Structures are given as structure tokens and as C-alpha cells.
Amino acid sequence: MADEDRSPEDDFQELMRQLFAGMGGDVDPEQLAKMSGMDPAMMQAVMSQLQGAFNTSDPGGISWDLAKRQALHIANQDGLGVTAGQRTDLDQAFALATLWLSEATTISELSSPPRTLTRGGWVEETLPVWQELAEPVASSIADALTATLREQAPEEMQSLIAGAGKLMRTVGGSLFATQLGQVVGRLATEVVSGGDVGIPVMPAGEAAILPQNFADFGRDLEIPDDQLALYIATRELAHARLFRHAKWLRLHVMSQVTDFARGIHIDTGALEDLASRFDPSQPDELRQALESGALIPARSEAQSAALARLENVLAMIEGWVDVVTEDATSRLPTSPRIAEAVRRRRAVGGPAEQALGSLVGLEMRPRRMREAAAMWRAVGDAVGMGARDALWDYPDLMPTADDIDDPAALIARLEARARGEEPAPDEFDDALARLLAGEETQVSGEAADESPAADGDPATDAEGDDDVPEDPRPV
């Protein structure tokens, strides 16, 4: 068949035949690169992974090494090392920021010194967290691929598809691992610091700045580098201190994200529709569908609830960091301008929202940050920064969404607690009291059933009827 007579379906079938041929097949990485938008070198790595899956005795795993190689490939393409001058300047900024921050919060200093990272170094440090977040989605995509192939395959191929279930999971998982690597690699070219993402991707209690991205961020702000470094260092230290102090907070945030991710399933209808018109020579639609999350359907009620909880938690974290950073950098003449630049960057969708939107369909734009910051400001003004920061000591002390809406009620409770008074019961307290009252009533009833009277005490049985008042109710 001449090349001009080949249809897209013929091209795809030929590629599948080459894949099923395993190591003996001669797959052209440039052809697949054209389909996926990847460069041929990285596609060759993908093909090596897939071909290995076809020949392994235990396929079914997802190669996170593939994601790491892809992320490092992108991060290091234009990545620069950290110069001695950059390291010295940022170390000095961190040292002064530590002193200023100790005047703005009672949360203690970090136990390990802050670091300067290259883009590739940031990938190495944070990829385990991205893997944890992406794994539920990778499994869902792999399952959807298997199900779709099973539904679309001719009857004579059903036995082959059924016997290749683990293999299909490996193929789907490998494709998703490649996408994860692309997202994390691009993210490494944008994030300025460890806390820039919003979620705790750095190891707990560690602070870091990426000098190359820091320089890109400040290039058009017309703000002196030393003042910008002081502000970013203060904000990064505040974020790292909070997560080191509130050891429960990292798990709390991650569980909210994974609760959302576990509810994800792939829209097989959209996948089938895309496959029906897919043209290997025009891969843009497929690539855009993968990157935009178009194959992930609308959120379920459970996911919406998880998203609301996550947004409130992130708003409270970022709101506290905003307030503490503002107080600590009040000596900086350009602090308001830098804060506004950070807010604008966040308002249009920061790096984390773009990454999580692509990976798990999660729109993580904490719209309530200003309200949360106003709450923390009001609490600090009313009861002092010590009582304010103590709200992070335990998860049951952390303010709720209702407290963001009504800081006055939270302040009243804190002031009453400071006076040694019992706080006024809220809805939760009332519900708990009713529940306990119901249990006490039940226990009392069970005790009455087990009393001697119930076992035939002669003082209260049929022979003692004269002492028992007659029931006045009609029969």
C-alpha cells in the first residue's frame, strides 16, 4: 500500500503491531514523537519502557523513573547552576529574614538551613510528592484504557485483550508517567521557592529558593534584588516554619488532595470520541485533551466537598503566611509592591493550579485568601500573635470555614478561653450533647430491664397487684 493511500487507522494499527512485536519490532521514535509532541530522544525512552513491559513476566507497574527522566530533561534544558554570588546573596537574605520573622510569629525557627536549588534539584526534591498525588489518576487512566480497548476490540481479539490486562495498565500508566514528567518539568521552570506551589511539596521543615526562577520573576518588577530576595525569603521561611510546627498539617493537606484524586475516573465517552477522529499527523487535539484534563469528567459531589475543604485549608495557610510576611517585612519600602505582584501572579492561576489542573482536574485557586488573611489579622489584633499562632498546635483548634466568614465569633471564643470561661456551645457541641444524652437514656433503660423487678420480684409481680395503680388509659 502506498504511503498516500494509508489512512490514520492504518498508521495506528501499524504502530500497535510494532508495539506488540516487542523488542523485535522496529518502532520509529520520530513517528511517535510527531504524535505526542515530545522530542525523539524522550520518545525513545518511552518506547524502551513500553517494549520492556511487553517482554516482562510481571507487567502492570508504572515507571515513575520515566516521569523523573522526562521532568529532569525539561528542567535541565535551559537550567543554570547556582553561582557562589547567588548563594551568598540568598544566604544573607535568609539570615535577615529569620530575625525579622521571629518578631512576627511565635513559631520557632527551622532546624535545617535554607537552601538554593537548581531547577533539576527542585525536581529531585519534590517528585515523590507529585507521584503520591498522581498515582490514583494514573491507575484510573490505565483502567480506562483497558476497558475502552476491551469494548472496542473485535470479538476475535477479546481473548488477546483479556490476557493483556496488566500489559494495558502498564501502557496507560507509562503514558501518564510521561505526562506527569512534562508537567513537573515545566513547573520547575516557573516556581520561585519551595512554598510557591501552595501545597507542601518540599520535605517538611525545609525552605528553598531557585535563583534562576527568582531572577526571572523579578526581571520586570523594577524592584531592587536585595529587597525582593528579603521578601521572598521571609515568605518561604514562614511557610516552612508553619509546616514544621504543625506536624499534622502536611498529612491533612495531602489527604484532602488525594481524597479528591481518588474520586477521579476517565470519561470513556470522550476518549472514544477522540479516538474515532484521531489523526496521527495532527496530534494537537490529543495533546490538548491530555494537558487540559478534558478527559476527566465533571466533579462528583464527594469531589466538590473535598475541593471545598482543600480550598479552605489552603486559604488559611496562605492567609496566615501573608499576614506574618507583611508584619515581618514592614521595614521594606517595596514590600506592598512585592505583595501585590505575588497576589496578581496567584490570581491568574499559579504554577500549582496549572499543574494540578492538568494532572487531576483540580482547580486550586484559593479564592478566600483575602478573607482568611483578614481573619488572621483580626485574631492577632484582638488576642495577640501567641494565641493566634497557637491555633496551629492541634487540628481541632484550627479555624473553620465559618470562622473565616465570622471572625468575631472565633475571637469571642478565644477571649473567653483566655478569661478561663467555658466557651459558648456551638452546633457541634449541641449535637454531641444530644448524642450523649441519648446514650445515657438507653443505658438507663437497659439497667431497668435488668432490675430484680423484671425478673419476677414478688413485690411487683401479679401477686402484688393491689399496690400497683390501675392504668387510667382506656384499653
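Hydrogens, waters and symmetry mates are skipped; everything else that's a heavy atom, side chains included, is used. Not measured: the values here are computed from a predicted model.
A salt bridge between R337 and E340 is absent, with no side-chain N of the basic residue lying under 4.0 Å from a carboxylate O of the acidic one. We find that E311 and R368 are not joined by a salt bridge, their nearest charged nitrogen and carboxylate oxygen being 4.0 Å or further apart. The pair R115-E236 does not count as a salt bridge, with every side-chain nitrogen at least 4.0 angstrom from each carboxylate oxygen. Using a 4.0 Å cut-off between charged nitrogen and carboxylate oxygen, R219 and D216 count as a salt-bridge pair. The pair R377-D327 meets the salt-bridge criterion, since a charged nitrogen lies less than 4.0 angstrom from a carboxylate oxygen. Electrostatic pairing of D322 and R370 does not count as a salt bridge here, judged by no charged N lying under 4.0 Å from a carboxylate O.
Without hydrogens or angle criteria, D389 side chain to T105 main chain gives no donor-acceptor distance under 3.5 Å. Side-chain atoms of S330 never come within 3.5 Å of backbone atoms of E326 as a donor-acceptor pair (strictly under, hydrogens ignored). With hydrogens and angles disregarded, a donor-acceptor distance shorter than 3.5 Å links the side chain of N213 to the backbone of A188.
Interatomic distance, CE of M202 versus CH2 of W122, reported as 9.5 Å (0.5 Å rounding). Once rounded to the nearest 0.5 Å, the distance linking CG of L96 with CG of D91 reads 13.0 Å. Of the inter-residue distances, the one linking L180 atom CG with L66 atom CG reads 9.5 Å to the nearest 0.5 angstrom. Here CD of E371 is found 7.5 Å from CD1 of I404. Values are rounded to the nearest 0.5 Å. Once rounded to the nearest 0.5 Å, the distance linking CD of Q86 with CD of Q212 reads 8.5 Å. A distance of 12.0 Å separates CG of L410 from CG of D405, quoted to the nearest 0.5 Å.
By the 30° and 60° cut-offs, the orientation of the rings of W376 relative to W392 is parallel.
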Candidate pair L230 and L332, rule side chain to side chain contact (heavy atoms under 4.5 Å, CB included), full reasoning = CA-CA 8 Å; L230 265 172; L332 275 180; 4.0 Å; yes
Apply side chain to side chain donor-acceptor pair (under 3.5 Å) to S102 and R241, showing your working.
-> CA-CA 11 Å; S102 296; R241 279 194 187 192; 3.3 Å; yes
Could you walk me through whether R235 and D196 pass salt bridge (Lys or Arg N to Asp or Glu O under 4.0 Å), step by step?
-> CA-CA 9 Å; R235 183 176 179 83; D196 195 17; over 6 Å; no
Is there a side chain to side chain contact (heavy atoms under 4.5 Å, CB included) between D403 and R413 once you walk through the steps?
-> CA-CA 11 Å; D403 293 327; R413 294 198 304 271; 3.0 Å; yes
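Side-chain atoms of R119 and N76 form no donor-acceptor pair, as typed in the model, at a separation below 3.5 Å. Between R250 and S255, the side chains place no donor N or O within less than 3.5 Å of an acceptor N or O (distance only, hydrogens not considered).
Nearest heavy atoms, L249 versus V313: CD1-CG1, 4.5 Å. Nearest heavy atom pair, residue S108 against residue R244, reads OG-NH1, 3.5 Å.
Residue pairs meeting the ring pair (Phe, Tyr, Trp, His ring centres under 6.0 Å) criterion with at least one member in residues 220-250, sequence neighbours excluded: H239-F243, W248-H252.
Contact of the L228 side chain with the I338 side chain is registered, since non-hydrogen atoms from C-beta on lie closer than 4.5 Å. P200 is listed as a side-chain neighbour of V253, based on a closest heavy-atom distance under 4.5 Å. At a threshold of 4.5 Å between non-hydrogen side-chain atoms, the residues S112 and E206 count as touching.
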